[in-house]
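What follows is one structure encoded as structure tokens, with my remarks underneath.
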Amino acid sequence: MMDRATLSPGAEDDVLPPADWGRRSSSPGNRAAWIFAVVIFGLVAGRIWLAPELQIQSLQAWTTVFVAICVQALPFLVFGVTLSAGITAFVPPEFWTRALPRRASAAVPIAGLAGAVLPGCECASVPVAGGLMARGVAPAAALTFLLAAPAINPVVLVATAVAFPGHPEMAVARFLASLIVSVLAGWVWLRFGRTEWLRIPGRPHAAQGGKWASFAEAMRHDLIHAGGFLVVGAMTAATMNVIVPSGWISSVAGIPVVSVLTLALLALLLSICSEADAFVAASLTQFSPTAKLTFMVVGPMVDLKLIALQAGTFGPRFAARFMPMTFVLAIGVSALVAWGLL
């Protein structure tokens with residue numbers, strides 16, 4: 001065996017395996033993107049050619065609702081993910097510290113309004129908020145942006161207006177309720193939050209491969225992730241419309257408090273992307289506008305995937321306090337805004 005000391009300079013590196021040793025030639029992201037495209041094509045093709053041949057009326061209704069939600073929401077989902085990936089890749093980190101006031105109490109509402117012009121999905125908002133904290137932005141302001149960006153950005157508001165044609169007040173109510181909840185949550189955390197409850201991530205490193213590589217990777221990840229939750233949400237909404245007895249739904253939907261709490265919990269469990277949740281809410285025709293508004297306000301701020309992401313990024317002690325507080329604020333503010341506008 002050749003002694004390590006006898007190796008010529010640089011020869012030691014030659015015996016190491018190459019960087020791509022043991023890796024497959026095609027990336028998992030590319031394969032996932034193709035799988036997602038095939039699934040969407042299968043849904044549309046099945047609705048055109050298979051559904052008319054089905055003899056079971058309930059199955060026909062299920063496929064109609066399911067495909068309608070997916071096809072309506074998909075363009076907004078793709079557009080929102082594209083904008084979110086562009087902001088992640090091309091907006092310089094120094095922009096945030098220059099744009100926000102140094103005083104935390106004033107930075108909170110500014111960060112909330114920034115969510116109206118800087119689109120981002122729920123998945124992207126968590127690492128963005130962590131990066132803001134790592135760059136010196138006040139945690140309360142970063143958390144406000146975390147809640148506002150996926151809830152009141154232009155893509156979400158346009159999707160809401162399309163999902164509720166003839167009822168522009170739903171988009172207005174969603175904007176106001178979501179913004180108020182975001183700002184209140186930021187101020188509450190500023191007043192009562194403790195440093196030991198929050199684990200601030202380290203300063204992120206620059207991504208390898210340049211900005212366009214970061215853009216492509218962010219878009220591919222968010223599209224597959226959000227698209228999967230969209231399919232699950234559409235399946236659940238279609239199932240509720242077909243399988244759940246109409247009398248049971250009517251009895252639940254007819255009780256104001258119970259109907260609001262039911263859709264709030266449903267939003268938490270479904271974890272639908274904010275660019276698509278309005279179409280699911282619109283399909284729940286048995287429920288009141290207040291309950292639908294609560295569904296759309298709660299979903300982008302409190303759901304299962306966000307609980308996991310926030311616990312992993314900021315620590316479980318933070319998630320155990322911040323998420324319940326946001327959930328309660330979202331329900332209460334939604335009810336008040338709906339009472340005044342809807």
Side-chain angles (χ1 to χ4, degrees), residues 40 43-44 47-48 51 60-83 115-117 119 121-122 148 150-180 226-227 229-242 244 246 249-250 253-254 256 259-260 262-264 266-267 270 272-301 330 333-342:
I40 295 300
L43 291 174
V44 177
R47 179 68 187 94
I48 295 175
Q60 287 183 340
W62 190 94
T63 56
T64 299
V65 174
F66 173 60
V67 176
I69 293 174
C70 289
V71 172
Q72 279 185 304
L74 188 60
F76 296 97
L77 181 66
V78 173
F79 186 53
V81 167
T82 303
L83 288 178
V117 296
C121 70
E122 298 92 316
I152 63 173
N153 68 71
V155 179
V156 170
L157 297 179
V158 172
T160 304
V162 173
F164 293 91
H167 297 281
E169 65 275 8
M170 288 298 293
V172 175
R174 180 174 194 175
F175 174 83
L176 290 177
S178 299
L179 179 60
I180 293 172
F229 286 109
L230 168 61
V231 171
V232 172
M235 291 175 63
T236 304
T239 302
M240 288 185 61
N241 277 272
V242 173
V244 179
S246 58
I249 294 180
S250 300
S259 64
V260 168
T262 299
L263 288 197
L266 188 64
L270 291 184
I272 307 172
C273 181
S274 58
E275 283 90 359
D277 62 357
F279 298 95
V280 177
S283 69
L284 303 174
T285 55
Q286 301 91 339
F287 290 87
S288 66
T290 301
K292 295 177 184 178
L293 177 63
T294 304
F295 179 88
M296 294 186 292
V297 173
V298 170
M301 298 184 179
V333 172
S334 298
L336 290 176
V337 172
W339 177 76
L341 293 180
L342 303 181

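Along the sequence shown, residues carry numbers from 1.
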Exercise for the section: State plainly whether the residues Asp277 and Arg174 are in salt-bridge range, i.e. N to O under 4.0 Å. Expected result: yes
Handout entry: Pairing residues for Ala173 by the side-chain contact (heavy atoms from CB on, under 4.5 Å) criterion, not counting sequence neighbours
Key = Leu293, Val337, Leu341, Leu342
Handout entry: Short side-chain to backbone donor-acceptor contact, Ser283 and Val280, under 3.5 Å
Key = yes
Completion exercise
Of all heavy-atom pairs linking Ser259 and Pro256, the shortest is OG-O, 2.8 Å
Handout entry: Side-chain heavy atoms of Leu266 within contact of Phe287, under 4.5 Å
Key = no
Problem - Nearest heavy atoms of Ser334 and Thr294, plus distance in Å - result: CB-OG1, 3.5 Å
Practice task
Please answer whether the main-chain N or O of Pro150 pairs with a side-chain N or O of Ser274 as donor and acceptor at a distance below 3.5 Å.
Solution key: yes
Practice task
Compare every heavy atom of Ala282 with every heavy atom of Ala163, then report the nearest pair and how far apart it is.
Solution key: O-CB, 3.4 Å
Completion exercise
The side-chain contact (heavy atoms from CB on, under 4.5 Å) partner of Thr290 among Leu336, Val260, Leu263 is Val260
Handout entry: Side chains of Phe164 and Met296 in contact at under 4.5 Å (non-hydrogen atoms)
Key = yes
Fill in the blank from the handout: From the list Ile180, Leu157, Thr160, side-chain contact (heavy atoms from CB on, under 4.5 Å) partner of Phe175 resolves to Leu157
Handout entry: Non-hydrogen atoms of Ala151 and Met301 that approach each other most closely
Key = CB-CE, 4.2 Å
